[in-house]
Asks: 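Below you will find the structure I want to go over with you.
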Amino acid sequence: KAGVTQTPRYLIKTRGQQVTLSCSPISGHRSVSWYQQTPGQGLQFLFEYFSETQRNKGNFPGRFSGRQFSNSRSEMNVSTLELGDSALYLCASSLDSPKSYEQYFGPGTRLTVT
Amino acid sequence: AQKVTQAQTEISVVEKEDVTLDCVYETRDTTYYLFWYKQPPSGELVFLIRRNSFDEQNEISGRYSWNFQKSTSSFNFTITASQVVDSAVYFCALSDYRAGTALIFGKGTTLSVSS
């Protein structure tokens, strides 16, 4: 069974640009969550999608947005990039709520903003 | 507010030593879930265990064991006879009613096991 895949794995962008990251969950999984990992703030929850609907959202500015498609694949977008957005962005999938079902993480997308 | 504290930033041990990673959590909810994840150098988080607040039984899985104590709000993780492959960053996480489907992670403990 293929794991969670994230593309691209590495990305370098300039301040002010926008970026789109992609996540393909494990087949059959309908919940996709996104996390930002930085040395200073650690792992922080961005949002969770279930059946194409945003079910939960973390405390991030509106520049961070996401969506989920009918095949459960998810994308997250960051507009007007800031230096502080440099981070490892992790996607995770589970059958349903991560509270009740094992959550599988992808390898992440390393975003560097210069 | 919910919070997870992993006071040990880094731990170094020699192979075959036992090591305990501490996790203390804060929540006002009576129903909550606790997790441990492992993050090897490759970067992806690996699920180790999930425990709900009504199940205080300790659990053992091979060389891994977990001690859940509601009285001290702790969910500690012990690796017995550590191995070099155990070297990783270990995260404790909490999810309660207020968090919804989000996991609130501690800052992590970096475990280095040398041969």
Side-chain angles (χ1 to χ4, degrees), chain A residues 2-6 8-10 23-26 29-51 53-60 66 68 87-111, chain B residues 1-10 21 23-25 27 29-55 59 61 64 66 75 88-110:
Chain A
V4 177
T5 58
Q6 293 186 245
R9 292 292 311 279
Y10 302 92
C23 171
S24 292
I26 290 173
H29 285 193
R30 297 163 68 189
S31 167
V32 174
S33 298
W34 288 89
Y35 287 83
Q36 180 196 65
Q37 185 175 23
T38 59
Q41 298 299 315
L43 279 154
Q44 293 185 286
F45 172 76
L46 281 156
F47 26 65
E48 186 237 354
Y49 286 87
F50 181 80
S51 292
T53 301
Q54 186 180 85
R55 188 159 65 173
N56 197 6
K57 187 178 189 306
N59 189 26
F60 276 80
Q68 187 180 33
L88 180 66
Y89 289 88
L90 292 163
C91 164
S93 77
S94 58
L95 281 169
D96 196 327
S97 171
K99 277 179 157 62
S100 307
Y101 295 89
E102 186 169 333
Q103 188 168 220
Y104 295 84
F105 280 79
T109 294
R110 172 82 55 190
L111 171 65
Chain B
Q2 317 98 319
K3 188 178 178 182
V4 175
T5 301
Q6 294 181 256
Q8 304 150 308
T9 306
E10 295 183 21
L21 310 181
C23 173
V24 174
Y25 61 91
T27 176
D29 292 342
T30 55
T31 302
Y32 52 89
Y33 297 79
L34 296 166
F35 306 78
W36 275 96
Y37 280 85
K38 172 183 180 181
Q39 187 175 40
S42 59
E44 55 195 275
L45 289 160
V46 178
F47 170 88
L48 295 177
I49 190 171
R50 175 184 58 248
R51 174 69 79 226
N52 74 55
S53 53
F54 298 107
D55 182 2
E59 180 155 339
S61 176
Y64 295 171
W66 291 270
F75 186 43
V89 182
Y90 290 86
F91 291 95
C92 180
L94 161 75
S95 187
D96 59 12
Y97 176 77
R98 286 172 180 75
T101 52
L103 267 59
I104 297 155
F105 286 87
K107 295 292 189 183
T109 297
T110 300

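Numbers restart at 1 for each chain; the letters A, B, ... are given by sequence-line order, proteins then strands.
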Asks: What part of A:Glu102 gets within 4.5 angstrom of chain B, counting heavy atoms only: side chain, backbone, both, or neither?
Replies: both
Asks: Rounded to the nearest 0.5 Å, what separates atom CH2 in B:Trp66 from atom CD1 in B:Ile49?
Replies: 4.5 Å
Asks: Side chain, backbone, both or neither: which part of A:Leu43 has a non-hydrogen atom closer than 4.5 Å to chain B?
Replies: both
Asks: For B:Thr110, give me all partners under side chain to side chain contact (heavy atoms under 4.5 Å, CB included), at least two apart in sequence or on another chain.
Replies: B:Glu10, B:Val89, B:Ser112
Asks: Taking only residues two or more places apart in sequence or in another chain, which ones pass side chain to side chain contact (heavy atoms under 4.5 Å, CB included) with B:Arg50?
Replies: B:Tyr33, B:Phe35, B:Phe47
Asks: Name, in order of residue number, those residues of residues 37-44 of chain B that have a heavy atom at a distance of less than 4.5 Å from a heavy atom in chain A; otherwise write 'none'.
Replies: B:Tyr37, B:Gln39, B:Ser42, B:Gly43, B:Glu44
Asks: Does atom OH (A:Tyr10) have a neighbourhood of more than 12 heavy atoms from anything else shown, all under 6.0 Å?
Replies: no
Asks: When heavy-atom pairs shorter than 4.5 Å are enumerated against chain B, which of A:Arg55, A:Gln103, A:Lys57 gives the highest number?
Replies: A:Gln103
Asks: When only pairs under 4.5 Å are counted, which of A:Tyr101, A:Phe47, A:Phe50 shares the most heavy-atom pairs with chain B?
Replies: A:Tyr101
Asks: If you count every heavy atom of other residues, nucleotides or ligands that lies below 6.0 Å from B:Tyr64 atom OH, does the total exceed 12?
Replies: yes
Asks: Would you please classify the geometry between the B:Phe105 ring and the A:Phe105 ring as parallel, tilted or perpendicular, with 30° and 60° separating the classes?
Replies: perpendicular
Asks: Holding to side chain to side chain donor-acceptor pair (under 3.5 Å), I want the full list of residues that pass it with A:Tyr35, two or more places apart in sequence or in another chain.
Replies: none
Asks: Counting only N and O atoms by type, is there a donor-acceptor contact under 3.5 Å from the side chain of A:Tyr104 to the main-chain atoms of A:Ile26?
Replies: no
Asks: Please classify the contact of A:Gln37 with chain B as side chain, backbone, both or neither, using a heavy-atom distance under 4.5 Å.
Replies: side chain
Asks: Measure from the side-chain N and O atoms of B:Gln6 to the backbone N and O of B:Tyr90, and report whether any donor-acceptor pair falls under 3.5 Å.
Replies: yes
Asks: Of the listed residues (B:Val46, B:Asn52, B:Asp96), which shares the most heavy-atom pairs with chain A below a 4.5 Å separation?
Replies: B:Asp96
